[in-house]
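Each remark here refers to the structure printed beneath this line.
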Amino acid sequence: MLETAWKPFEAISNLRYDNTCKEIFKGWNCISSNKSNGRDLFNWRWKPNHCDLPPFDPIRFLRRFRNTNIGFIGDSLNRNMFVSLVCTLKRASSEVKKWRPAGADRGYTFLQYNLTVAYHRTNLLARYGRWSSDGGVLESLGYKQGFRVDVDVPDGNWAEAPSFHDIVILNTGHWWWAPSKFDPINSPMLFFEKGLPIVPPIKPEHGLDMVLKHMIMFVEKTMRADAIRFFRTQSPRHFEGGDWDQGGSCQRMQPLLQEQVEEFFSLESNGTNVEARMVNQHLFKALGDSSFRILDITHMSEFRADAHPSAAGGKKHDDCMHWCLPGVTDTWNDLLIAYLNRI
């Protein structure tokens, strides 16, 4: 039997932060919500092949990145990662200023080091909003309402972020295949470029390709040449028995084995959780010739079916997409810092 690449270790006496960190969103606080394995999640450590991933040293990080601005730009999974980093740093340096730099949803400056960490919420990276028929070409094609997505215009929540930050970590993906939001019949995504509708209308996957192209160009144009740009790969979901609105759940208490990972995520199976690898195909294609570094967290996270909030806290639907904190996104930050230490 194949073994998981997550290895058990004793971490209780050396937690980087705990459930008392106020930045943790209630729905992700699996210890306070009494998830049965909430205190076991950080007793697993990712062990890459042929090397070791050093544990996070927050004091060393604060010292090295003094006078630095770091921006997480993306959906709520990037907020998951942002919260992990903030909680870790606050444990080491509690003198902080809470504010919203460059249009951020939230942010902290660690005053002793003048290090700012901010989160800019954006679901698609591109600007989007409700659209209704206006007598134009889309109406002539039968469209009466939907969502207008401007593929070449960044969402206003992060448009100023690249010129403010020294390091950015972008992501997008989860919202691109979200029929509960962008119903292909009743509220489709309708893509615009240079202010005009793209005709004939294109599918979301092609819209994603266009958005990635334009947003990568926008960041490269507006950030300093010596700034550090990361794009994080897709975070996997672990629904079993259906999707989130079909009674799907995630009740496992231990990481998956390699053979189980393939059952969950194989593109050939086209199952409930295929989104992660499908999105990554688009990301890798778009990022190939760019100046972005790829922060690939997908495969390491695919094992962790045990580490989602699930039904903890009395949720109406199991949350098998976000991660408990403390939890898996702590290891994402370990990987980020390992990359930064090599630059």
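- A 4.5 Å side-chain heavy-atom check between Phe72 and Val117 finds at least one atom pair inside the cut-off.
- Note that Arg148 lies in the cation-pi zone of Phe192, set by a 6.0 Å cut-off to the ring centre and a 45° limit from the axis.
- In this structure, Trp44 and Arg304 have side chains that are in contact, with non-hydrogen atoms separated by less than 4.5 Å.
- Among all heavy-atom pairs drawn from Val149 and Leu124, the shortest one is CG2-CD1, 4.0 Å.
- Each of Thr116, Asn114, Asn69 was checked for a side-chain hydrogen bond (donor to acceptor under 3.5 Å, both in side chains) with Thr109, and the lone residue meeting it is Thr116.
- Using modelled atom types, no side-chain atom of Asn157 and backbone atom of His120 make a donor-acceptor pair closer than 3.5 Å.
- Put simply, the residue from Thr331, Leu256, Asn43, Asp306 that forms a side chain to side chain contact (heavy atoms under 4.5 Å, CB included) with Trp6 is Thr331.
- Taking the six-membered ring for Trp and thresholds of 30 and 60 degrees, Trp28 and Phe25 have ring planes more than 60 degrees apart, a perpendicular arrangement.
- The shortest side-chain heavy-atom distance between Phe231 and Thr172 falls under the 4.5 Å cut-off.
- Looking at Arg121 and Asp75, their side chains never come closer than 4.5 Å, going by heavy atoms from C-beta outward.
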- Message: Walk me through whether Met189 and Tyr128 qualify under side-chain contact (heavy atoms from CB on, under 4.5 Å).
- Response: CA-CA 9 Å; Met189 300 170 104; Tyr128 77 97; over 6 Å; no
Checking salt bridge (charged side-chain N to carboxylate O under 4.0 Å, His left out) for the pair Glu302/Arg277: CA distance, chi angles, key distance, verdict? CA-CA 10 Å; Glu302 287 178 336; Arg277 294 187 181 184; 2.9 Å; yes
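- A salt bridge does not link Asp166 with Arg229: none of the charged nitrogens is closer than 4.0 Å to a carboxylate oxygen.
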Report task. For side-chain contact (heavy atoms from CB on, under 4.5 Å), just list the numbers for Asn29 and Lys26, CA-CA rounded to whole Å, side-chain angles, deciding distance to a tenth of an Å, and then say yes or no. Result -> CA-CA 5 Å; Asn29 197 326; Lys26 181 180 178 181; 5.8 Å; no
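- Side-chain contact, Trp332 with Ser301: a donor N or O sits under 3.5 Å from an acceptor N or O.
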Under 3.5 Å donor-acceptor pairs involving side-chain atoms of residues 202-215, not counting sequence neighbours:
residue : atom : partner : partner atom : Å
Asp209  : OD1  : His282  : ND1          : 2.7
His214  : NE2  : Glu193  : OE2          : 2.8

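- Remark: the Asn67 side chain and the Tyr113 side chain contain no N/O donor-acceptor pair separated by less than 3.5 Å.
- Inspection of the Thr298 and Gln234 side chains reveals no N or O donor paired with an N or O acceptor under 3.5 Å.
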*Would you please test Arg64 and Asp57 for salt bridge (charged side-chain N to carboxylate O under 4.0 Å, His left out) and show each step?*
CA-CA 11 Å; Arg64 181 181 173 194; Asp57 182 340; over 6 Å; no
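- Between Phe303 and His299, the ring-plane angle classifies as perpendicular under the 30° and 60° cut-offs.
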